[in-house]
Amino acid sequence: MVIHILATVAWMRPVPEGAAMIIGVTGSGGKLGRATVERLRSDGHRVIGFDVAGPAGPGFTRVDLTDFGQTIDALSSITARHDGLDALVHLAAIPVNGIVPDAATFHNNTTASFNVLFAAYRAGIKTVVTASSITAMGFPFDQAPPSLPVDETFTRAHNTYGLGKVAEEAIAAQLVGWTEGMSITALRFTNVVAADEYSTFDRAGDVDYRRDLLGSWIDARDGAAAIALALGAAEPGFEVYVVAAPESGSRHPSRELASRWFPGTPVADDLGEYESLLSTRKIQERLGFRAEHDWRRAG
């Protein structure tokens, strides 16, 4: 009964277009999470971070997202933190296979994501942006994709992390139909690079550098910008976007890499010289995404 009352209040929260919002960010302590919190706060929003660990204070609450009770409690309201969220960004996850056994990766991530998405639905949070991954579209690309650059129409998982992302996208796509006006945007992130990690591009001349990523990458700050754009452009329904830097992390021309890595695979006639082999055309055209950071000009 208490949950029902809180949900009713949340549904009634008016959010004028362009207005500052109260936004929850799960995984706020991670690489992308930290950049996202900083970006959203700089945009004038009030941000509440949710994670298993983090700095004590008014902008953060420790939550075990695999516990549905904690999750719905946290998203509905928290004394001295918030009394309802306007939007939610879900980034929390075990980030890669290998940290824990494979099945544990799947169980943890899908449980946490179901809890977050379903709790958002129950709490009346109509705008959700969730982190998916290129592991839902073929990573590590040991098998050739149907064409290059790879876009959002292609879905294939080769490990339990990716399988979890496919499942999470399927849950989100169905959940938006359960209530009028709900929006969930899944952003398929490639490898996120922090501002202090650019030394890895010293290997960019190696023709097989970032081979498993199709040569792709994204600066954490640009990833955060993509999240901000997705929040601002949210419309009812489910949508998927690839998030990567528009240009690759390789010194070799993209058509040369495509020929070496995937001989015989069709390549778009209009592929740019160093254009990413993960297509970012959709997010550029629909959301106006432009990367501000480029390893070629760094330093």
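Just the heavy atoms: all of them, side chains too, but no hydrogens, waters or symmetry mates, feed the values below.
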Let me confirm one number: the [atom1]-[atom2] distance from [X] to [Y], rounded to the nearest 0.5 Å.
{"X": "Asp151", "Y": "Thr280", "atom1": "CG", "atom2": "OG1", "result": "11.0 Å"}
{"X": "Ile184", "Y": "Glu168", "atom1": "CD1", "atom2": "CD", "result": "11.5 Å"}
{"X": "Leu214", "Y": "Ser279", "atom1": "CG", "atom2": "OG", "result": "11.5 Å"}
{"X": "Asp43", "Y": "Arg41", "atom1": "CG", "atom2": "CZ", "result": "12.5 Å"}
{"X": "Leu88", "Y": "Ile22", "atom1": "CG", "atom2": "CD1", "result": "13.0 Å"}

Establish, from distance only, whether the side-chain atoms of [X] and [Y] form a donor-acceptor pair under 3.5 Å.
{"X": "Thr155", "Y": "Arg188", "answer": "yes"}
{"X": "Asp67", "Y": "Asn115", "answer": "no"}
{"X": "Thr160", "Y": "Asn97", "answer": "yes"}

**OP:** Check whether NZ of the Lys or CZ of the Arg Arg296 lies under 6.0 Å from the centre of the six-membered ring of Tyr274 and within 45 degrees of that ring's axis.
**Re:**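 So Arg296 does make the cation-pi contact.
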Original post:
Are Phe141 and Trp261 close enough that their ring centres sit under 6.0 Å apart?
Top reply: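 Distance test on ring centres: not under 6.0 Å, no.
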Original post:
Do Tyr198 and Trp217 have their ring centres less than 6.0 Å from each other?
Top reply: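 Yes, they do, as the ring centres are separated by less than 6.0 Å.
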**OP:** For atom CZ of Arg290, decide whether the heavy atoms of other residues, nucleotides or ligands shown that lie under 6.0 angstrom number more than 12.
**Re:**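 Correct, the count exceeds 12.
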Subject >> Phe114 and Phe118 aromatic ring geometry - parallel, tilted or perpendicular at 30°/60° bounds >> reply: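 The rings of Phe118 and Phe114 lie parallel, inter-plane angle below 30°.
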